[in-house]
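Just so we're clear, the structure is a prediction, and the values are computed from it rather than from any experiment.
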Amino acid sequence: MEALDQFLFRFCKLQDTIGQRLFNEVLEFLKEPVKSLSFLDKLNRFEELNIVSDKNEWLILRDIRNRVSDEYESDVSSMSEALNHIYRNHDKLILIFLNIKGYLSNYPELAIV
C-alpha cells in the first residue's frame with residue numbers, strides 16, 4: 001500500500017511541478033509573456049516548440065492527476081482505475097520532462113545536469 005501511495009504522490013507531484021513551475025520557468029527563460037498567457041496558451045507554445053508532442057496528452061495527464069487528488073482514498077474502484085491510468089501514462093510524463101531537458105540543453109548557459 002505504501003508503494004502505491006508513493007507512486008500516486010510522485011506522479012501527482014511531478015505533473016504539478018512540470019505544469020505549474022517548469023512550464024513557466026522555461027517560457028520566462030525564452031522571454032515569453034508568461035503572466036499574460038493562459039495555461040492553454042502556454043501548452044500550445046510548448047506544442048509549437050515540440051516539447052509536448054500533443055497537448056491533449058498533457059490534458060489527459062492533468063485530468064488523471066485531478067481525479068487522483070479529488071478521489072484519494074474515497075472510492076476504491078475509482079482509485080484502482082486512476083492507478084491503471086497512471087501506470088499506462090506515466091511514461092508520457094517522463095518523456096515530457098526529458099523533452100524539456102533536451103530542449104534546454106541547446107542553451108549551454110543553463111548548464112543543465
Side-chain angles (χ1 to χ4, degrees):
M1 191 63 162
E2 288 178 24
L4 290 176
D5 188 52
Q6 279 299 307
F7 184 64
L8 288 172
F9 174 77
R10 289 172 193 236
F11 175 87
C12 292
K13 185 69 173 170
L14 181 58
Q15 200 278 336
D16 279 341
T17 300
I18 291 172
Q20 293 178 1
R21 296 188 63 206
L22 195 53
F23 279 12
N24 288 338
E25 295 290 330
V26 170
L27 293 174
E28 283 179 9
F29 173 76
L30 297 173
K31 309 285 190 237
E32 302 269 344
V34 176
K35 292 182 180 172
S36 65
L37 296 175
S38 70
F39 182 77
L40 287 178
D41 290 335
K42 294 172 191 177
L43 194 53
N44 286 331
R45 185 66 179 125
F46 269 71
E47 194 174 45
E48 290 169 4
L49 296 170
N50 293 317
I51 294 172
V52 173
S53 61
D54 180 358
K55 68 181 173 195
N56 292 318
E57 286 183 354
W58 181 263
L59 295 174
I60 290 169
L61 294 171
R62 187 170 72 172
D63 180 61
I64 292 168
R65 195 235 352 125
N66 288 343
R67 281 191 287 142
V68 168
S69 298
D70 293 341
E71 299 172 6
Y72 189 67
E73 294 184 7
S74 65
D75 179 8
V76 175
S77 175
S78 295
M79 287 306 295
S80 176
E81 183 180 325
L83 270 169
N84 287 329
H85 281 297
I86 290 172
Y87 182 74
R88 285 191 299 269
N89 291 286
H90 75 281
D91 57 330
K92 294 175 185 171
L93 185 60
I94 293 168
L95 182 60
I96 290 169
F97 174 76
L98 293 174
N99 286 346
I100 292 170
K101 187 176 176 181
Y103 182 84
L104 294 176
S105 70
N106 295 316
Y107 299 92
E109 65 271 24
L110 290 176
I112 304 289
V113 177

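By the 4.5 Å heavy-atom criterion applied to side chains, F46 and W58 are not counted as neighbours. Using a 4.5 Å heavy-atom cutoff, the side chains of Y103 and N50 are not in contact. With a 4.5 Å cut-off on side-chain heavy atoms, L83 and L8 count as touching. You'll find the side chain of L59 stays beyond 4.5 Å of the side chain of D63, heavy atoms only. Side-chain contact between L95 and D91: absent, with no pair of heavy atoms (C-beta onward) separated by less than 4.5 Å. In this structure the side chain of F97 never reaches within 4.5 angstrom of the side chain of T17, judged on heavy atoms. Residues F23 and L37 fail the side-chain proximity criterion, which asks for heavy atoms closer than 4.5 Å.
Residue F29 qualifies as enclosed at atom CZ: its count of foreign heavy atoms under 6.0 Å is above 12. Environment of OH in Y87: sparse, with no more than 12 heavy atoms of neighbouring residues, nucleotides or ligands closer than 6.0 Å.
With rounding to the nearest 0.5 angstrom, the CG atom of L43 is 9.0 Å from the OG atom of S38. From L93, atom CG reaches atom CG of L98 across 10.0 Å, with rounding to the nearest 0.5 Å. In this structure, D16 CG and K13 NZ are separated by 7.0 Å, a value rounded to the nearest 0.5 Å. Note that CD1 of I51 and CG of L27 are 7.5 Å apart. Values are rounded to the nearest 0.5 Å.
Residues passing the salt bridge (charged side-chain N to carboxylate O under 4.0 Å, His left out) test with E32 are R45, sequence neighbours excluded. Remark: H85 engages R88 in a side-chain hydrogen bond (donor to acceptor under 3.5 Å, both in side chains) (not counting sequence neighbours). Partners of N84 by side-chain hydrogen bond (donor to acceptor under 3.5 Å, both in side chains), not counting sequence neighbours: none found. Remark: E81 pairs with R67 by the salt bridge (charged side-chain N to carboxylate O under 4.0 Å, His left out) rule, at least two apart or across chains. Partners of D41 by salt bridge (charged side-chain N to carboxylate O under 4.0 Å, His left out), not counting sequence neighbours: none found. For D54, the side chain to side chain contact (heavy atoms under 4.5 Å, CB included) test picks out E47, N56, E57, with sequence neighbours left out.
Nearest heavy atom pair, residue V26 against residue I100, reads CG2-CG2, 3.8 Å. The nearest pair of heavy atoms linking R62 to F39 is NH1-CD2, 3.2 Å. For K42 against V34, the heavy-atom pair with the smallest separation is CE-O, 3.5 Å.
With L61 as the fixed residue, the side-chain contact (heavy atoms from CB on, under 4.5 Å) test singles out one of N66, N89, I86, I18: N89.
Hydrophobic clustering of Ile, Leu, Val, Met, Phe, Trp and Tyr side chains at less than 4.5 Å, counting indirect connections, keeps I94 apart from F9.
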